[in-house]
Number of protein chains: 2
Amino acid sequence: MNGLTERQRRVLEFLRDYLRRHGYPPTIREIRTAFGLRSNRGVVDHLRALERKGSIRRLPGSSRAIAISGPDGENAEGAGRAKAYPVAGRVAAGRPEEALEDGNGSLLLDERLFGGKGDFVLEVKGDSMSGAHIVSGDLVVVRKTASCETGSFVVALVDGEATVKRYVRRGSRVVLEPANPAYAPIVLSAGNAAASVVGTVVGVIRRYPGRGRAFSR
Amino acid sequence: MNGLTERQRRVLEFLRDYLRRHGYPPTIREIRTAFGLRSNRGVVDHLRALERKGSIRRLPGSSRAIAISGPDGENAEGAGRAKAYPVAGRVAAGRPEEALEDGNGSLLLDERLFGGKGDFVLEVKGDSMSGAHIVSGDLVVVRKTASCETGSFVVALVDGEATVKRYVRRGSRVVLEPANPAYAPIVLSAGNAAASVVGTVVGVIRRYPGRGRAFSR
DNA sequence: TTGCAATCTGTACAAACGTTTAGTAGTATG
DNA sequence: CATACTACTAAACGTTTGTACAGATTGCAA
């Protein structure tokens, strides 16, 4: 994506910033002023370089006709490649602890990642699924499904509590198995109204604590 | 927000559509043509009405200086809660297999998740980090960092090959440890130019195979 | 009927704007 | 040492573009 010089990078950054703030791109003279230049030519050179390197697209001869074609450009063009996933709350992967609580806000993720309808996000608490590499603090992306495949991970409501388990069908019985020997499997009998599968886990997102993270759910 | 006539509503819709498609607003003459008008005045009247009713903002006398101030306007103004992460390619978590190859495209993720600068995404191949719950096929979000904390996961270039390991400082030595006893640690000596740390792993994204996934990298 | 707002035609103009030519300086490439 | 690219000054050119003026038509409310 890059092969830009420091100066070109700054011009591109200015273009993005201006577009974000004003809703339309700047004129060449505005860019000139912003960088303290005394001639249009300098700006023209930068724009030509940015266009040659694919960072922007221009309509020759037309005012303010600068389109940013990078990642931010697609964003501005609103190709809408990001999908909003409602954050439902926390889910216990050990003992069922907390039910699905009302989370505030939603999470934007690339629609190509899990692109389905009716998906939502839950935070995992507990370590009953650590054997399957799902650990406490992970966010699981859940798809509301009517049926489940054996072996897949599901979010189930057991006695009103949400929990992540592996879905295994054994004859007429359905067993929700943890992936940690310290926990016991849960048998889902046919007449058991106290337990129901909410959906299938289609993805996991883990964040490692670092400097200045901000997502608070 | 509304109080717009049918005609004004359509003009506003056209403005939104044009901005989304081109990345910059249209000229008055472009609007005129789009609506099959034969005079600028009609367009000017509509724009004045839209501005009076608060749907758009304009900079008088300046080309294409139309900013949409409704809900879509905020979108165009780039409240931009999704951030684009370049996809660099694959990274070996077992033996170094493939170098960072040029991946096509980028991945949109909520900026609150990993919100940093210069981050990128790699797909993990191999199982040397399975003890740390990072498995083959996972996408790791990498932040280019100058320094690393002991115990954190890093992406390192060893002999031109990218690999995920745990970063451990032991006195003057730096050791890149796998999280799988089947693999051997890599010692990073001070004069070893063949090995360098690219960045810190700040996140992991896992996709479980399901019906009709589309992200192909 | 009168008045007002919305919608539009047709012509014209001055300013804003992108572009070009000519030239300078610095740095990197081979 | 020539070539190429980046980054800029200075001045001038031609057109795109917003705006204004002088109307016309329709519908709706006082």
Side-chain angles (χ1 to χ4, degrees), chain A residues 1-19 21-70 73, chain B residues 1-19 21-70 73:
Chain A
M1 172 58 61
N2 266 6
L4 302 183
T5 65
E6 177 63 19
R7 198 66 165 161
Q8 289 164 2
R9 203 187 53 72
R10 282 195 193 162
V11 171
L12 182 59
E13 195 181 333
F14 173 79
L15 292 177
R16 274 201 264 260
D17 206 54
Y18 188 101
L19 183 60
R21 268 204 263 272
H22 295 82
Y24 44 83
T27 64
I28 286 190
R29 279 169 177 80
E30 281 169 334
I31 304 171
R32 194 189 69 183
T33 305
F35 283 84
L37 303 184
R38 315 180 72 173
S39 170
N40 287 352
R41 184 55 200 262
V43 178
V44 170
D45 282 346
H46 288 311
L47 293 183
R48 276 213 251 266
L50 286 173
E51 189 169 27
R52 179 165 46 81
K53 294 178 181 179
S55 297
I56 61 173
R57 277 170 294 117
R58 301 189 67 203
L59 190 65
S62 204
S63 326
R64 297 183 195 268
I66 305 171
I68 297 166
S69 45
Chain B
M1 171 60 56
N2 265 6
L4 303 184
T5 67
E6 177 61 18
R7 198 68 167 158
Q8 288 163 1
R9 203 187 53 74
R10 282 192 192 166
V11 171
L12 183 59
E13 194 180 333
F14 172 80
L15 292 177
R16 274 199 266 258
D17 206 54
Y18 187 101
L19 184 59
R21 267 204 261 274
H22 295 82
Y24 44 84
T27 64
I28 286 188
R29 279 169 178 82
E30 282 170 333
I31 304 171
R32 195 189 69 185
T33 305
F35 284 84
L37 304 184
R38 313 177 76 170
S39 170
N40 287 352
R41 185 55 198 263
V43 178
V44 170
D45 282 346
H46 286 128
L47 292 183
R48 278 213 251 266
L50 286 173
E51 189 169 25
R52 179 166 45 82
K53 294 178 181 179
S55 297
I56 60 173
R57 279 169 294 118
R58 299 189 68 203
L59 190 65
S62 205
S63 326
R64 298 183 195 269
I66 304 171
I68 297 165
S69 44

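Throughout, protein chains are lettered first and strands after them, A, B, ... in sequence-line order, and every chain is numbered starting at 1.
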Query raised in the report: So what does A/G42 hit on the nucleic acid, given a heavy-atom distance under 4.0 Å: a base, only sugar-phosphate, or nothing?
Result: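 Touches a base.
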
Report task. Evaluate the ring planes of A/H22 and A/Y18, with Trp represented by its six-membered ring, and classify them as parallel (under 30°), tilted (30 to 60°) or perpendicular (over 60°). Result ->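 Rings of A/H22 and A/Y18: parallel, under 30°.
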
**Report entry** Residue met sooner reading DNA chain D from 5', once B/D45 and B/P60 are mapped to nucleotides
**Finding:**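 It is B/P60, whose closest nucleotide lies nearer the 5' terminus.
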
Query raised in the report: Hey, which of these two, A/R29 or A/R41, hits DNA chain D nearer its 5' end, going by closest nucleotide?
Result: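 Closest to the 5' end, via its nearest nucleotide, is A/R41.
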
Roughly how many Å is it from [atom1] in [X] to [atom2] in [N], rounded to a whole number?
X: A/E6; N: C/dT27; atom1: CD; atom2: C1'; answer: 16 Å
X: A/R64; N: D/dG18; atom1: CZ; atom2: C1'; answer: 12 Å
X: A/Q8; N: D/dA7; atom1: CD; atom2: C1'; answer: 10 Å
X: A/L37; N: D/dA10; atom1: CG; atom2: C1'; answer: 13 Å
X: A/L47; N: C/dT19; atom1: CG; atom2: P; answer: 8 Å
X: B/R48; N: D/dT19; atom1: CZ; atom2: C1'; answer: 8 Å
X: B/R7; N: D/dG27; atom1: CZ; atom2: P; answer: 15 Å
X: B/R32; N: C/dT9; atom1: CZ; atom2: P; answer: 9 Å

Query raised in the report: When you check the gap from the basic side-chain N to the acidic O, do B/R9 and B/E6 get nearer than 4.0 Å?
Result: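 B/E6 and B/R9: salt-bridged.
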
[X] side chain to [Y] main-chain N or O, any donor-acceptor pair under 3.5 Å?
X: A/R64; Y: A/P25; result: yes
X: A/S39; Y: A/G42; result: no
X: B/R58; Y: B/I66; result: no

Reckon [X] has a side-chain N or O less than 4.0 Å from the OP1 or OP2 of [N]?
X: A/R38; N: D/dA10; answer: yes
X: B/H46; N: C/dA6; answer: no
X: A/T5; N: D/dA7; answer: yes
X: B/S62; N: D/dT17; answer: no
X: A/K53; N: D/dT6; answer: yes

Report task. Indicate, yes or no, whether a donor-acceptor pair under 3.5 Å links the base of C/dT19 to the side chain of A/N40. Result ->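 Such a pair exists between side chain and base.
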
**Report entry** Minimum-distance nucleotide (side-chain atoms of B/T27 versus C/dG18, D/dG18, D/dC8)
**Finding:**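 Given the options C/dG18, D/dG18, D/dC8, the side chain of B/T27 is closest to D/dG18.
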
Query - First of B/V43 and A/S63 reached from the 5' end of DNA chain C, by closest nucleotide - result: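 So the residue in question is B/V43.
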
